[in-house]
Structures are given as C-alpha cells and as structure tokens.
2 protein chains.
Amino acid sequence: MKMISCHDCPLQDCGPFIPHSDEEKDFLGGFKAGEMAVGAGTQILMEGAKTPQLFTVLEGMGLREKTLEDGRRQVINFVLPGDFIGLQAGIMGEMNHSVEAVTPMRCCVFRREDLWLLYRNRPELAFDLTWIAAAEEYFLGETVATLGQRDGTERIAWALVKLFVRLRGLGLEAEPGTVPLPYRQQDLADALGLSLVHTNKTLSRLRAQRMVDWSDGMLRVPDLEALAELAVTEIEALPRRPFL
Amino acid sequence: MKMISCHDCPLQDCGPFIPHSDEEKDFLGGFKAGEMAVGAGTQILMEGAKTPQLFTVLEGMGLREKTLEDGRRQVINFVLPGDFIGLQAGIMGEMNHSVEAVTPMRCCVFRREDLWLLYRNRPELAFDLTWIAAAEEYFLGETVATLGQRDGTERIAWALVKLFVRLRGLGLEAEPGTVPLPYRQQDLADALGLSLVHTNKTLSRLRAQRMVDWSDGMLRVPDLEALAELAVTEIEALPRRPFL
DNA sequence: CGGGCACTTGACGCCAGTCAAGCAACGTGG
DNA sequence: CCACGTTGCTTGACTGGCGTCAAGTGCCCG
C-alpha cells in the first residue's frame with residue numbers, strides 16, 4: 001500500500017473541510033508519521049490507554065464507545081472520515097473512551113510528541129486543533145440534551161438526522177436522500193440509551209410512517225425537514241471546519 | 001471594587017490548578033481585559049450568541065444549560081471557580097449553551113480578538129486552552145454515558161460524587177464530608193434528565209439510607225467510597241489542571 | 001397577610017426495559 | 001451438500017421505573 005501525500009489527501013477538497021495552503025501541507029507532511037489500515041472490528045484506541053499516536057480518519061467508519069465497570073456500553077459518537085481521534089490522549093494523557101473500526105478504516109498517523117512542534121511553529125494549526133476539540137464538545141452538549149430530554153422516537157429521529165447531514169456533507173449521498181450507514185441497530189441503541197428491542201420497534205414504526213428507512217446498511221430519508229421536525233431539532237448547516 | 005492582579009489571583013495556589021510562572025502572569029495580566037461581577041440569576045452567555053468575551057470564573061457558581069425548541073431545559077454542567085466559559089464562542093464563533101449565575105459570581109474577562117496573541121506568542125498557554133477544551137469533552141463523555149446507561153439512583157449518586165470531589169478539590173470542604181452546593185433540586189433533575197418529583201424521592205431515599213444528605217445548600221457525604229460504589233463509578237483523583 | 005418559590009408526598013399511568021421465541025443470512029466443517 | 005452455530009433483525013407478552021397530576025408544607029418577602 002502506498003502512502004498518500006498530504007498534497008493528494010482525499011479530505012482536501014472534500015465536503016466541509018477547509019483546505020490547507022501548500023505551505024501547511026508541507027508542514028503536515030513532515031508531521032505525518034505514517035498511515036494505518038485496519039479491518040472491521042479492530043480496536044484503534046483503548047479507554048484509559050496512554051497511546052503515543054493520534055489519527056485522522058481518511059476512509060471508513062467507526063465508533064467511540066465507553067464501558068462502565070459493570071459492562072454496560074455507551075456509544076459516544078459515530079466516527080466518520082475527517083474525524084480526529086486521540087486528542088484526549090494527546091493532550092491530557094489518557095482517553096476516556098475507546099475507538100473501534102466498524103468498517104475497514106484507513107487513518108493518517110501522527111506522533112504525540114510532535115504536537116509540540118505544531119504549537120510552537122504553527123499557531124494557526126494549533127488553533128485548528130482547539131477548534132476540533134471545541135466542536136466535539138459542542139456536539140456532545142447536544143447529545144447530552146438529547147439523552148436527557150428527548151423520548152425514544154425523538155432520539156432516533158435526531159440521531160438519524162445528524163448522521164444523514166454529516167454523511168451527505170462528506171459527499172456520500174449516492175442517490176438523493178440515500179446515504180450508507182453501516183452500523184448495527186445495537187450501536188444506535190447504545191448511542192441513545194435505548195434497548196435494542198425498543199430501538200427496533202421504533203425504527204419499524206418510523207419506516208411504516210415513511211419517515212426514515214434504515215435497512216441493508218443504507219439510510220433513506222425522503223423528507224429531511226419532516227424528520228427534523230419529529231426530532232425537535234433544526235437542521236443546521238454544518239460549519240466549514242478545519243482538519244489535520 | 002478593585003481589580004485583582006493575576007499575581008494575586010485566588011486560583012493560583014488553589015486546589016488542582018497548575019500555577020503560572022511570573023512571566024506567564026505578566027502576559028495574562030495584559031490579556032486580561034477586566035473583571036465582571038454579576039448577581040444570582042444573571043445570564044452570562046446566551047446560546048447562539050457570538051459574544052466577544054471569554055471568562056474565567058474567580059468566585060461563585062453557575063450552570064451551563066441548553067434549551068430545546070419546545071422549551072425543555074437541559075443542564076449541561078455545573079460551573080465552579082476556575083472554569084473557563086465562552087471557549088466555544090471564542091473558537092467556533094457561537095455557543096451551544098447558555099451560562100447562568102446561580103450565586104453571585106466574579107469573573108476574569110478576556111477579549112476574543114486577543115486569543116490570537118496567545119496562539120502566536122504563548123504556545124504553552126495555547127496548549128493549555130486545548131487542554132481545557134479536551135477536559136470538557138472528557139467530562140461530557142462521562143455525562144453521556146451516565147444519561148444513557150445509569151438509572152435514576154445511579155445518576156444522582158454519580159452527580160453528587162462528581163460535585164463533591166470537585167468542590168473538595170477547590171478547598172470548599174468546611175467540615176469533613178461537607179461542601180456547599182447552592183443549587184435547586186430542579187437543576188440536578190434537569191442535569192440528569194429526571195423529573196423533579198423523581199429526583200426528590202430518590203434524594204429522600206438516599207438520605208434515609210445515610211448515603212448522602214443534600215439539604216439547606218450543603219452536601220454531606222459520610223462515606224464517599226460507598227456512594228461511588230452505588231453510582232458504579234471510580235472516584236478518580238482530579239488531575240492537576242491548567243487555567244487561564 | 002397574601003403570593004411565590006422550593007421542597008415533599010401520594011395516586012395513577014405509560015414509555016421503555018426485560019424475557020422469550022422465531023426468522024433469515026452467513027460461514028464452517030463433517 | 002447439509003447440519004450447525006453465530007450474528008443481526010423482528011415481534012409478542014409482561015413488568016416496572018419514572019413521568020405526570022395534584023395537593024400540601026414551610027419559608028421568605030412585599
């Protein structure tokens with residue numbers, strides 16, 4: 001497998017990402033320590049681990065998840081291309097969640113020690129890193145509000161709206177209103193704090209009402225507005241965002 | 001009211017905070033735009049607002065909260081001295097939650113435009129800012145897991161353990177096992193996604209079992225270990241952390 | 001003294017969890 | 001080639017945690 005140069009990074013001209021200048025690409029090229037390809041089901045980062053690596057997802061999808069002492073699982077977020085993973089370990093020294101690949105994934109690898117270089121020499125990229133952390137916080141704030149306030153149907157509608165908008169933004173809308181969503185119902189249930197059974201029944205009901213159809217790994221949303229209304233959310237345009 | 005110099009900042013030698021060097025204090029002194037004192041009940045930041053200010057809490061307590069379109073309220077987190085507020089607006093341009101003072105508060109004020117100076121001239125402080133954002137993300141991850149996986153009793157025990165440890169870390173433990181907690185039951189309920197009634201009954205039950213006694217604005221925890229066990233959490237020592 | 005606010009407590013009902021069974025698709029090995 | 005285990009999805013019956021409604025208390029304040 002050949003390693004992609006930052007100058008040909010598939011994320012550069014993709015969706016919502018703010019492209020880097022040539023100068024930045026040169027710097028990032030030096031910052032990049034390698035590339036990693038993993039199969040479906042691989043644990044990329046472990047909760048509590050002090051890994052020396054940070055990653056940017058180039059391809060594939062995964063999950064951030066956390067396990068309580070007694071084994072209950074919570075999915076924190078869905079990991080899509082462009083996402084940066086390992087920031088907590090990079091900055092604070094320890095992850096509070098694990099990251100697992102759900103499809104085969106390819107990631108850009110950075111070394112934790114090199115982070116300093118970035119803060120020393122590239123203030124605008126350092127700022128971008130903070131931006132990324134703040135964006136994650138932003139999203140988790142919405143998630144907290146969802147788990148705390150919305151009922152089952154609203155939660156599912158909310159999550160599917162968010163996923164649809166993110167995936168569409170990445171250019172993955174094959175035919176209008178349809179994006180790939182290669183997760184299991186169990187993953188969605190664990191993300192929303194619902195049981196598998198209840199999630200399944202709610203999805204069936206939504207399908208019968210023609211609100212969403214998630215089957216065979218494809219998510220079909222005939223009327224995004226209507227689904228968002230059901231979720232009691234606004235569909236906010238995703239902001240242009242930096243990446244590394 | 002006189003403005004405190006960063007050299008006499010009450011946070012410098014307090015609890016878990018990593019003190020600044022004299023040089024850093026000089027820089028922060030220039031960065032500091034002023035001080036703000038507000039009464040209980042004041043809105044400090046509004047959801048969706050693009051405020052030009054950032055704050056560090058010097059004294060007093062507050063809440064981060066978010067309101068859904070239909071009026072439901074979610075408390076995102078409890079704001080204590082040392083907390084940095086407005087990072088999202090500072091970095092991304094818009095807050096996703098409001099911040100409200102629950103007691104009278106005093107805050108250190110920074111200007112958003114000056115953030116750049118910090119990234120340009122003080123990489124270690126820029127790093128600290130990212131640290132702060134990552135720490136917030138860390139905590140919100142735990143909150144998501146709590147709202148998604150724990151039942152009512154566990155949630156309440158979890159929240160009270162977290163609050164107790166934070167307050168104790170700030171040196172607010174007046175007599176052993178007792179810290180001030182000047183919030184309403186409604187605030188805790190909204191933080192945990194429980195109804196006021198259920199929160200109240202659960203608190204009564206915990207009080208009867210001698211697990212916690214939260215009344216008259218004071219939180220008494222006779223056996224922190226036991227409470228943490230009930231919450232299915234470990235009491236992790238809070239890390240030494242930077243502040244601005 | 002009346003009104004508002006925070007906290008309590010009891011009665012009742014529903015959303016969502018648990019238990020359980022069944023089906024389809026797949027891969028493995030005898 | 002078929003038995004078999006595994007994984008993911010689906011559906012029905014039953015239960016209980018937690019929400020809603022409602023009424024009442026104590027306290028502060030104008």
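Chain A is the first sequence line, chain B the second, and so forth, proteins listed ahead of strands; every chain is numbered from 1.
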Notebook entry, point to check: Considering only heavy atoms from C-beta outward, does the side chain of Q74(A) approach that of L147(A) to under 4.5 Å?
Noted result: yes
Next item on the list: Determine the contact category for G193(B): base if any of its heavy atoms lies under 4.0 Å from a base atom, sugar-phosphate if only primed atoms, P, OP1 or OP2 are that close, otherwise nothing.
Entry: sugar-phosphate
Notebook entry, point to check: What integer distance in Å separates R72(B):CZ from dT20(D):C1'?
Noted result: 15 Å
Distances under 3.5 Å between nitrogen or oxygen atoms of protein and nucleotides 9-13 of chain C:
residue	atom	partner	partner atom	Å
dG10(C)	N7	K201(B)	NZ	3.1
dA11(C)	N6	K201(B)	NZ	3.4

Next item on the list: May I have the distance from L203(B) (atom CG) to dA6(C) (atom C1'), rounded to whole angstrom?
Entry: 13 Å
Note to self: From CG of L181(B) over to C1' of dA6(C), roughly how many Å is that when rounded to an integer?
What the structure shows: 15 Å
Margin query: Using whole Å, what does the distance between atom P of nucleotide dT20(D) and atom CG of D151(A) come to?
Written below: 11 Å
Next item on the list: Mind running side chain to side chain contact (heavy atoms under 4.5 Å, CB included) on E142(A) and K66(B) for me, showing each step along the way?
Entry: CA-CA 8 Å; E142(A) 284 194 62; K66(B) 208 175 148 50; 3.8 Å; yes
Next item on the list: Check the distance between dT8(C)'s P and Q186(B)'s CD and give it to me in whole angstrom.
Entry: 13 Å
Notebook entry, point to check: Separation of D187(A) atom CG from dT7(D) atom C1', in whole Å?
Noted result: 13 Å
Item checked: Length of the CG-P vector between D216(A) and dA24(C), whole Å -> 15 Å
Item checked: Nearest-Å distance for atom pair NE2/P, residues H198(A) and dG17(C) -> 6 Å
Next item on the list: Determine the interplanar angle of the F139(A) and W158(A) rings, folded into 0 to 90°, and report it as parallel if under 30°, tilted if 30 to 60°, perpendicular if over 60°.
Entry: parallel
Check: For dT10(D), does either OP1 or OP2 sit under 4.0 Å from a side-chain N or O belonging to R207(A)?
Finding: yes
Notebook entry, point to check: On DNA chain C, nearest-nucleotide positions of S195(A) versus R184(B): which is more 5'?
Noted result: R184(B)
Next item on the list: Give the intermediate values and the outcome of side chain to side chain contact (heavy atoms under 4.5 Å, CB included) for residues L11(A) and T56(A).
Entry: CA-CA 10 Å; L11(A) 300 173; T56(A) 293; 3.8 Å; yes
Checklist line | Test: D83(B) and R241(B) ion pair at under 4.0 Å | finding: yes
Item checked: salt bridge (Lys or Arg N to Asp or Glu O under 4.0 Å) partners of residues 172-186 of chain A, not counting sequence neighbours, each pair once -> R184(A)-D187(A)
Next item on the list: Count the heavy atoms belonging to other residues, nucleotides or ligands that lie under 6.0 Å from CZ of R207(A), then report whether that count exceeds 12.
Entry: yes
Item checked: From dT8(C), dT18(C), dA16(C), nucleotide with atom closest to Q185(B) side chain -> dT8(C)
